[in-house]
Amino acid sequence: MPVRVLLEGAGPGAKIPSHLSRVPISLISISSDYTNKTVKGKVVHKGPLVSLADNFILKTVIQEEDSQPSALPQNPSINVVLLGALAKDFSQAVNQGDVVEASGFTVGKSPTVHKDKLHPCNLLLSGDDACVYVSRLPPPPDPRSPPAIKRSSVLSAEVSRTTKAQKYTYVKLGDLKAGSIVNVYGVVVFFKQPFKSRGTDFCSSLKIIDQSNQKIGCTIFCEKLDDHPKIFQIGDIVRMHRVKTQFFNDSITLVNTFGFSVVAFDGAVGGAMEPRTSSRSFHFDQEDRRTVEELRSWAASQAVLPPVPAISLSAVQPKAYFDLTCQLLAKAPIDTTCTLLRVWDGTRCSHTLLKVIVEPNVTEGPSSFSTERENLIANILVYDNHVEFARQLKPGAFLRIYNLRAIAGSSKVPGLTSSQSEEVDHLAFHLHGGTAYGRGIRVLPENSTEVQELKRVLDAVPEDDDNLSKLNDSALLEVWSTPPESLDGETVECSTERSCGHDIQPTTLSELKRSDPGRAHHVRVQLRSYEPRRLHQSLKLYCSKCRSMQDVPDDELLAGLFSEASRDSGPYSPPPWALSGRVDVPGDSPGSPNRALSVHLSTQLMSEGKTRELIFLMGSTLEETCRLTSGYQNIVPVRSSGGHLALVDLSAPFLFRGRKRYYGCRRCSEAAVREPCAEGVELIDEKVIAEALGVQLLQFVLLMKLELQDATDTLDVFLWRDAETFFSVSAEDVAANQEAQNSIRQAVDFLCPPGGSAGERPWLDVCLTAYRAEDDDGGQNQTCYQICHTTITKPPFARSDPEPA
DNA sequence: GCTTAGGGTTTG
């Protein structure tokens, strides 16, 4: 068994072999030998198990665990690619949050280092030597925790749970009876972050609802914060195991009981199914996935959910209560009941922010910032019970602060010296004492979508010394933010243009929703939001034959496939039409040696002198293949299989042409290595080669879901068939070059500025078609909308190219 | 040892 689960106290044999010694992730490098070495880390990302024709591959990211909690904002993380049975076992046995130790790995260069900024190397685990150990250790000793006997009982409960593979049943909230122990699912409509109770535990308070429309209050007592529900916002979905029902004030409430566990999920329809849990093992199958999806779509269609009060600093108005997602830059104690948190979210508040003077030398983090930066920093005063929590926060942490109050110009702010005049109408922020209204602070995990989104906004803020582009203001904004005065009015300048030629009057979204499908419509709208937020995920591979759509594999996965393909090169006989030889691949750095790889060429092409037009290349790494594209127009990677030449698995590109890579459909291709017919063919391109190889060529497409908005309603529409027209970019270019990717990012940021309010979003003239489509469950027909014949005409601000002063 | 809290008409 390549994945071994180690449990403390499980006896000999459940130990990592003593001849192995551990290497810190930070010290991993290409040149060293890692025989008898291990790498240990916490699984911070676990990718899906990808099944290939005769293999499995899985990508994960592990992070070095520091013995001191939260010493650094980020410990070193490294990509790990697992292949074969190991990938399958890992997928089943290991959960995000587990600590794993790997041995028998090889070290390669990480092809995604520029994108993910993780370790420059990756680990490849494949073959018999590779092994992953999963540590299921009890929690670190805690002075307040009960003696070991309790821990061991918790641990044995854990073991029996994992071995039994229990099937859980869930009770609908409308069917709860007092005096039983149940498992439930629900959508969160109210929550309080865990707070210290008067007893021994922290207490979380939730209210959840489900399709039975019954709202149920839940109280969770746990000593460890990590065992509490990880709720980030209203609409999140929780699954709780082993809660007891009891009557209080004439209604049923839920309280956790022995063996309690909870998993939380983002509530967004179509969002990631990333479980938030501290459980070391938990059951989650297709049925659970469906339950979460059903709750998501049910909640989305109901008006039961209170609005999420999350806004950015740019949208804050005096006296408002709101939730803020932000990064902590610095903090300073004010007095025993009050602490100052200095935070930002990358957006500029439209009101001047109050400055708070603190005593010198008490600030943790930078004590001052540039004037420009100061204008983006909100000063938050947290009081009473929150002071204790704030003390544990480290500058750099990403936070969500709930029920913040914006207060204009109070001269009574503690720490404001008497010599400082009252600053009228300057906004300060208060987190009042107590937990009413869910007041509290939560540290958001680095890998959460919330933090990813925030980082994107923060990254877009110009550097400190920049003489800040003044493009972002008045004159332009006024043009963009003027709402349409009438639907046919010419008063609004729009940032898109229709090219459909339909002679129809613009309609409102609410009218459009009432009309029958099968027609085209013109609307004037703003872009309220879009998915996927990570734009590279909008690039897909589409098969025009079977109409399937799939994600584009990332380089980490591809590198693993190439590495795997080069591993098992048994003897083979090249096809009769091929001329075989060797090609020198230069080393990747000046000192490193060249490698000679086997290549096969078409005799016919050779005879025509076309030696550089097409090679079949064996045993290359992904990187080497890419490097050779400068010398050969078409490179088809091949391997030996069953004594013959075969294509590498169709999960990998079957063809490299310059920076472009071409994929084939695994379902519709009957691939074999054959000689292309080059007679009378001007240009040997992907189509010629795909045809020769029996490959059904996949097409790069862009697929996004946009939420449009006008004064009457909002509407989810797809941008797919005409996505290239919309962005004036080809999907193939997006797949191959960064500039095309950037142009989409700029366009989207222009249509929907990060952190921007509705007033900052330009108006768009859009042509939509409405059509009936079967939904995923196969039964119900639903009306879908697609943007067509529409092009963005206004170029985004050239932020990187400010006007000379 | 088997409590703790049980939202909410919002302080500084």
Side-chain angles (χ1 to χ4, degrees), chain A residues 144-147 149-150 153-154 176 178 181 186-209 215-225 227-229 231 233-234 238 242-260 304-307 309 317-323 333-341 354 356-358 379-387 390 401-416 422-423 426-440:
Chain A
R144 287 174 294 114
S145 77
I149 187 154
K150 181 175 175 190
S153 68
V154 169
L176 293 173
I181 292 176
V187 183
V188 175
V189 291
F190 171 80
F191 66 100
K192 281 184 181 182
Q193 295 300 341
F195 58 92
K196 199 92 193 79
S197 73
R198 284 178 220 273
T200 58
D201 295 334
F202 282 94
C203 175
S204 291
S205 182
L206 316 182
K207 194 156 272 175
I208 59 175
I209 191 167
K215 262 187 218 171
I216 296 288
C218 318
T219 307
I220 310 298
F221 296 107
C222 292
E223 198 171 2
K224 278 167 52 196
L225 280 174
D227 294 337
H228 280 260
I231 312 291
Q233 71 173 10
I234 286 168
V238 285
R242 289 164 288 262
V243 282
K244 63 184 174 198
T245 53
Q246 54 185 219
F247 259 113
F248 179 77
N249 275 350
D250 295 333
S251 50
I252 295 234
T253 58
L254 295 171
V255 184
N256 62 312
T257 173
F258 180 73
F260 166 78
V304 291
L305 292 196
Q317 295 302 326
K319 295 188 175 164
Y321 289 94
F322 65 102
D323 296 350
I334 300 290
D335 58 40
T336 54
T337 67
C338 181
T339 291
L340 170 69
L341 300 182
L354 186 78
V356 178
I357 311 291
V358 296
N379 290 305
I380 297 180
L381 296 159
V382 310
Y383 290 96
D384 305 338
N385 52 317
H386 309 298
V387 168
I401 306 177
Y402 301 92
N403 198 236
L404 257 186
R405 179 90 201 266
I407 305 275
S410 163
S411 61
K412 292 181 187 163
V413 170
L416 198 68
E422 184 177 335
E423 293 189 297
H426 289 196
L427 280 191
F429 300 91
H430 294 227
L431 182 66
H432 295 313
T435 63
Y437 300 95
R439 278 198 293 260

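Below the 3.5 angstrom threshold, one finds a donor paired with an acceptor across the side chain of A:His432 and the base of B:dG12.
Scored by the side chain to side chain contact (heavy atoms under 4.5 Å, CB included) test, A:Ile220 finds A:Ser204, A:Cys222, A:His228, A:Pro229, A:Met240, A:Asn256, A:Phe260 as partners (sequence neighbours excluded). With sequence neighbours excluded, the residues satisfying ring pair (Phe, Tyr, Trp, His ring centres under 6.0 Å) with A:Phe322 are A:Phe429. Every residue two or more places apart in sequence or in another chain that forms a side-chain hydrogen bond (donor to acceptor under 3.5 Å, both in side chains) with A:Thr245 is listed here: A:Ser180. Take A:Lys192 and apply the side-chain hydrogen bond (donor to acceptor under 3.5 Å, both in side chains) test, not counting sequence neighbours, and it matches A:Thr435. Legend: residues meeting side-chain hydrogen bond (donor to acceptor under 3.5 Å, both in side chains) with A:His432, ordered by chain and number and at least two apart, are absent.
Among the atoms of the strands shown, base atoms are found under 4.0 Å from some heavy atom of A:Tyr321. Across all strands shown, A:Arg439 has heavy atoms under 4.0 Å from base atoms, whether or not it also approaches the sugar-phosphate. Counting non-hydrogen atoms under 4.0 angstrom, A:Gly433 reaches a base of the nucleic acid.
The CG-P distance, from A:Asp323 to B:dT10, rounds to 18 Å in whole Å. Summarising the geometry, the separation between CD1 on A:Ile407 and P on B:dT11 is reported as 10 Å, rounded to the nearest angstrom. In this structure, CZ of A:Arg405 is placed 7 Å from C1' of B:dT10, rounded to the nearest angstrom.
Side chain of A:Gln233 to main chain of A:Pro309: no donor-acceptor pair is present (N/O by atom type, distance under 3.5 Å, no hydrogens or angles).
Stacking of A:Tyr383 onto the six-membered ring of B:dT11 is not present when judged by under 5.5 angstrom between centres and under 30° between planes.
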**OP:** Sugar-phosphate atoms are those with a prime plus P, OP1 and OP2; base atoms are the rest. Using that split, label each nucleotide of nucleotides 2-9 of chain B B, S or - for protein heavy atoms under 4.0 Å, 5' to 3'.
**Re:** -BBBBBSS

